[in-house]
Amino acid sequence: MAASKCTRLNGALTRQLLESVDSVLFDCDGVIWRGDQAIPGAPEVIKTLKKNGKRVFYVTNNSSKTRQMYADKLGKLGFDATEDEVFGTAYCAAIYLKTVCKVEGKVYLIGSNAMGQELEKMGIQQVGVGPDPISGVQIDWANVPLDNEVQAVLVGFDEHFSYMKLNRALQYLCNPECQFVGTNTDNRLPLEGGKAVPGTGCLLRAVETAAQRQAQVVGKPSNFMFDCVARQFGLNPDRCLMVGDRLDTDIMLGSNCGLKTLLALTGVSTVADAEANQMSECPQRQKMVPDYYIDSIADILPALDA
Amino acid sequence: MAGGSRGCVTLRGSQFQELLDAKHNVLFDCDGVIWNGETAVTGAPEVVRLLKQRGKRVFFVTNNCTRPRENYVQKFSRLGFTEVAEEEIFSSAYCSAAYLRDVAKVQGKVYVIACSGVIKELQDAGVPVVEEVGDEEPGTTIYNCPLDPDVKAVLVGYDENFTFMKLAKASCYLMNSDVLFLATDPDPWHPLRGGRITPGSGSLTAALETASSRKATVIGKPSRFMFECIASQFDLDPARSLMVGDRLETDILFGSNCGLSTMLTLTGVSTMEEAQKYKDSESLERKDCVPDYVVESIADFLEALEE
């Protein structure tokens, strides 16, 4: 880890940094793509990193796609990527439920079909995916039939989120034995053009509030996302670089896991945000200061090509 | 005034009489205090009748926003509470409408995420509402849905028709810091009969607060506003007023916040153990949830009232 923090990455430093790591973990939104467009130069950076013998992984809090769907998107945008390099929260939540929660039965799912598919691959059946309109009166809602094989409630991004789904989750969570997992706490979806789309964090807060319980959260900044990659690929944190655009998720994850961290300014956080954290007395905020920052990951290319 | 080991007093015999003599106004929460679901708490209708006969003023202060006041009047009548007038009923729906019209004096429309009870109160108060049409045209997404430029406030309450689209629209409106953000009440869950619960306004408000990175102004208990609403219509001396409720974190805290004496009844949500825990706590904030008095049921007043 660098002795000084929040340093702009330049030519010489870039080479030094890359020599000190074997693996580079990239956040996706705001780092390698924005919406459905690759950040110019990003595919070349990744291709070149791999040519230089670095391993590359994609680590995203977005729960709406399976690993295969991500690999397809990456391919379409010109990135060199395989399914097993991708770690999204749909996949990691399924691993978490299987290995940490040790769920043997079913999961009540507020989330995407992709999340359902990842669960099924792990041998866990889901109930609840899709639209769920309200019917009947209040006392009916409190008495919805519950599937007694459900051992956990999992909340991810769900555009079909409704009062009825919130209600069902609440009824399951009234049983203290029923486990409660969320994919991530991001408040908003990354979006161009000024419209704010609520993120999974909002849905999770609704369920947590109704149930008066806290969810176990799988996504960044929780260590679990890194642990998933590290366990499968035998990574040494000292030799890993985390590249992200959000101080509170990507950089925090990097700090928590002892990785080197690089903030790309093509997304959410700014240098001013990072410096404000650096000046702060708060230990939590200190964890949200990157070792380095760069305008765009494309700027790494000259150092790589040299 | 909280402090030391004050509070949680169980009244006996003549103490009921002394309390009644000292209080001119009695404010009752409804769910868990005077009724549970569709069943009146035994003796409650008598208590209310006798209090009024004694010349006390009685008000009903409820966070439950699912009915307009005229429906509440019908419910009171149905459950055997005679002569409860609409003016005596203060629900968070009614008070939210009053707030928008009289305090915020909103010039424009209100985007409402709430049940028909709330919408009716807004309409009765003459507050223009943007109502969500049930079925969107196919293909409408948050990216292309129209936003009404006249929206000057967002109000969120209990809404069984809550959807992701409503959440998204409301958070778009709230991006403008001039748009007010109100919530009817903070209750995370709503009790029904038989100990069952359903998600409350508080859970929907939490979603919207997270989406907008803004905090809602909450009208319902424990916020002071509902008391101020009553006081603006009737002359109430807090020192001569008693708040009777079943939920420590809403009713009792509300009473403390408004300088009222407070009484916990054990016919609803909170327990004696919970009250005791607050009493034993070191935190000043938690002391505000300690009731002055505790009764098993408001029927415990009957003996003193019937004398």
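In this text the structure is predicted, and so the values were computed from the model without any measurement.
Side-chain N or O atoms of Arg205(A) include none that pairs as donor or acceptor with a backbone N or O of Ser203(B) at under 3.5 Å.
Sorted by first and then second residue, the salt bridge (charged side-chain N to carboxylate O under 4.0 Å, His left out) pairs involving residues 276-289 of chain A (not counting sequence neighbours) form an empty list.
Comparing Asp187(B), Leu208(B), Leu192(B), Leu174(B) by how many heavy-atom pairs each has under 4.5 Å with chain A, the most go to Leu192(B). Between chain A and the residues Ser213(B), Pro199(B), Pro188(B), Ala168(B), the largest count of heavy-atom pairs under 4.5 Å involves Pro199(B). When the candidates Ala169(A), Gly199(A), Ala142(A), Pro198(A) are compared by the number of heavy-atom contacts under 4.5 Å with chain B, Pro198(A) comes out ahead.
For Arg78(B), the CZ atom sits in a packed shell: over 12 heavy atoms of surrounding residues, nucleotides or ligands are nearer than 6.0 Å. For Glu38(B), the CD atom counts as densely surrounded, since its 6.0 Å shell holds more than 12 non-hydrogen atoms of other residues, nucleotides or ligands. For CD of Glu285(B), the number of neighbouring non-hydrogen atoms (other residues, nucleotides, ligands) closer than 6.0 Å is 12 at most.
Neither the backbone nor the side chain of Thr205(B) comes within less than 4.5 Å of any heavy atom in chain A. For chain A, no part of Tyr173(B) is nearby; none of its heavy atoms comes within less than 4.5 Å. For a residue to count as touching a neighbouring chain, one of its non-hydrogen atoms must lie under 4.5 Å from one of that chain's; by this rule Leu170(A) touches chain B with the side chain only. Neither the backbone nor the side chain of Glu208(A) comes within less than 4.5 Å of any heavy atom in chain B.
Residue-level contacts of residues 150-162 of chain A with chain B, in order of numbering, are Phe157(A), Asp158(A), Glu159(A), Phe161(A), Ser162(A); threshold 4.5 Å between heavy atoms.
Contact annotation: the side chain of Thr185(A) never approaches that of Thr210(B) to less than 4.5 Å [non-hydrogen atoms, C-beta and beyond]. At least one side-chain heavy atom of Thr198(B) sits under 4.5 Å from a side-chain heavy atom of Tyr163(A). The side-chain heavy atoms of Leu167(B) and Leu203(A), taken from C-beta on, include a pair separated by under 4.5 Å. In this structure, the side chains of Gln138(A) and His190(B) come closer than 4.5 Å at one or more pairs of heavy atoms. Side-chain contact between Cys174(A) and Arg196(B) is absent, with no heavy-atom pair separated by less than 4.5 Å.
Atom CG in Asp159(B) sits 11.0 Å away from atom CG in Leu166(A) (nearest 0.5 Å).
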